[in-house]
Number of protein chains: 2
Amino acid sequence: MSREGRVTASSIAKDLRAEIRAGTYKPGDRLPSEAALMTTYGVARMTARHGLSMLKDEGLTVTRHGSGVFVRSFDPIVFDSTGSASDDSTITPVMDETDAGLTVRTLAVTPAEDPTEEARKALGLQPGVQVTTRERLHVKGRKPMLHGVSYVPTSIAADTPIAEDEIGPGGTYARLKELGHEPVRFHEDVVARMPTIEEIEALRIEPGTAVLQVMRTALDAQGLAVEYSRIVLDGGEFMLRYDFDA
Amino acid sequence: MSREGRVTASSIAKDLRAEIRAGTYKPGDRLPSEAALMTTYGVARMTARHGLSMLKDEGLTVTRHGSGVFVRSFDPIVFDSTGSASDDSTITPVMDETDAGLTVRTLAVTPAEDPTEEARKALGLQPGVQVTTRERLHVKGRKPMLHGVSYVPTSIAADTPIAEDEIGPGGTYARLKELGHEPVRFHEDVVARMPTIEEIEALRIEPGTAVLQVMRTALDAQGLAVEYSRIVLDGGEFMLRYDFDA
């Protein structure tokens with residue numbers, strides 16, 4: 001432990017961070033309590049508390065109320081865009097129902113509306129052309145994990161199950177295939193960013209946690225953009241996977 | 001503006017956040033100063049300052065010292081793993097020298113050492129088998145953007161330019177090809193997380209900014225893992241891109 005000069009919250013955080021990295025405290029282990037840090041470092045409670053909160057803001061720890069501060073573990077669900085599901089902890093784009101222990105809740109289906117500018121450009125639509133949107137939440141147990149909005153040109157989706165609450169097995173991609181617009185090629189852009197206030201609430205995201213935002217365009221064999229998805233994933237719960245040839 | 005009850009830093013942040021989203025303040029625009037917020041809301045300087053700092057912690061704004069607080073713009077460099085470079089703002093894995101206005105600085109080359117556990121597993125090596133590591137930084141102007149460490153089994157890299165400071169045009173992948181180990185297939189895992197203290201310093205990452213971590217394994221035609229890269233990208237500067245067939 002650093003002992004030179006006055007003990008600050010930063011120096012307590014630095015020591016604990018080093019001990020987490022060295023494996024002295026492993027994922028799932030409980031860190032010393034505020035009381036223990038007060039004794040060890042001879043500091044006030046607020047200093048000990050601030051030291052612990054710095055680690056939380058960095059995403060290194062999680063607080064379980066009533067039982068303490070624990071080293072965060074990262075045992076991600078694999079979100080495999082290029083692959084077919086290989087095991088129980090993997091989900092792929094064609095799964096629109098349940099997998100990897102996730103339940104899909106359809107939040108809203110809007111048969112026809114103006115697309116967001118982002119969706120309009122991704123689908124290559126002229127202004128004024130309408131889309132059918134499906135908004136969904138993937139939930140594990142009671143924890144919301146992923147929020148997705150899917151846009152399909154209404155010219156394709158109108159009067160099909162894509163515009164219904166119950167889309168049926170295989171989801172949007174299966175329906176697009178039946179309609180002669182099977183997605184055969186995908187374009188994905190991925191960014192990492194801090195969650196918005198709304199996303200923190202909707203996905204119950206821990207402090208110090210980023211989100212992954214996947215923007216996927218699905219193209220049919222004619223090169224027509226038939227669907228655009230904007231998917232926000234809790235970065236503390238997911239890993240994206242891609243396998244591809246040079 | 002919210003006028004019911006006491007004006008708090010949170011309510012100032014809420015108003016400004018809404019105005020940023022509505023486009024009242026666009027990327028690059030300057031937000032009202034602390035003094036202006038004090039007048040508008042009738043609050044103390046610390047309240048105005050705290051309101052502005054909340055937006056910064058969310059990654060919505062950046063501070064330019066001496067000139068104020070600005071709405072953050074996101075004009076990302078595209079990091080295109082599956083594609084060949086299509087324009088000046090795109091970089092691909094085969095570019096080991098300069099592109100998209102980036103300069104590559106080789107930080108360290110270690111001809112033979114024990115791999116990290118992560119690299120050892122990715123390369124499928126037995127414990128005790130050594131690797132050649134190359135550590136590099138991609139810099140734009142004076143801003144470090146990306147930090148990468150590349151691991152090649154020393155059995156392949158020994159006595160080749162991969163173990164030298166000057167690797168030559170095309171970088172590691174070009175040298176691997178000359179050695180009969182051309183990478184033909186890639187496996188990438190991607191996570192989003194908060195930067196570590198060291199990454200914040202090394203990449204000069206703004207507050208409220210996540211990093212993307214790409215873990216790429218390159219396989220040759222025999223299916224041998226010939227290189228593993230662990231790449232950390234400033235999430236405020238990059239977007240990953242993937243194009244692939246169903």
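Any value given below was found using the heavy atoms of this structure, including those in side chains, with hydrogens, waters and symmetry copies removed. Naming: A, B, ... by sequence-line order, numbering from 1 per chain.
- Atom CG of residue Leu240(A) and atom OH of residue Tyr242(B) lie 7.5 Å apart, to the nearest 0.5 angstrom.
- Residues that satisfy the ring pair (Phe, Tyr, Trp, His ring centres under 6.0 Å) test with Phe244(A), not counting sequence neighbours, are Phe186(B).
- Summarising the geometry of Val191(B) relative to Leu212(A), their closest heavy-atom pair is C-CD2, 4.3 Å, with the distance given to 0.1 Å.
- Contacts between Val214(A) and chain B at a heavy-atom distance below 4.5 Å are absent for every atom of the residue.
- Residues passing the salt bridge (Lys or Arg N to Asp or Glu O under 4.0 Å) test with Glu118(B), sequence neighbours excluded: Arg230(B).
- Counting heavy atoms of neighbouring residues, nucleotides and ligands inside a 6.0 Å radius, atom NZ of Lys143(B) exceeds 12 of them.
- A salt bridge links Arg21(A) to Glu198(B): one of the charged nitrogens lies within less than 4.0 Å of a carboxylate oxygen.
- Annotation: the span from Thr82(B) atom OG1 to Asp243(A) atom CG amounts to 12.5 Å, rounded to 0.5 Å.
- Interface check for chain B: of the options Arg193(A), Gln213(A), His187(A), Met194(A), the most heavy-atom pairs under 4.5 Å are formed by His187(A).
- Proximity to chain B at a heavy-atom threshold of 4.5 Å picks out Asp57(A), Glu58(A) from residues 51-58 of chain A, in numerical order.
- Considering only heavy-atom pairs separated by less than 4.5 Å from chain A, the leading option among Thr209(B), Thr217(B), Thr196(B) is Thr196(B).
- Interface check for chain A: of the options Val184(B), Asp189(B), Ile197(B), the most heavy-atom pairs under 4.5 Å are formed by Asp189(B).
- Ala192(A) and Val211(B) make their closest contact through CB-O, 3.9 Å (heavy atoms, listed as atom of the first residue, atom of the second, distance).
- Here Gly208(A) is the residue among Gly59(A), Gly208(A), Ala218(A) with the most heavy-atom pairs under 4.5 Å with chain B.
- In this view, Arg185(B) and Asp245(A) satisfy the salt bridge (Lys or Arg N to Asp or Glu O under 4.0 Å) rule, not counting sequence neighbours.
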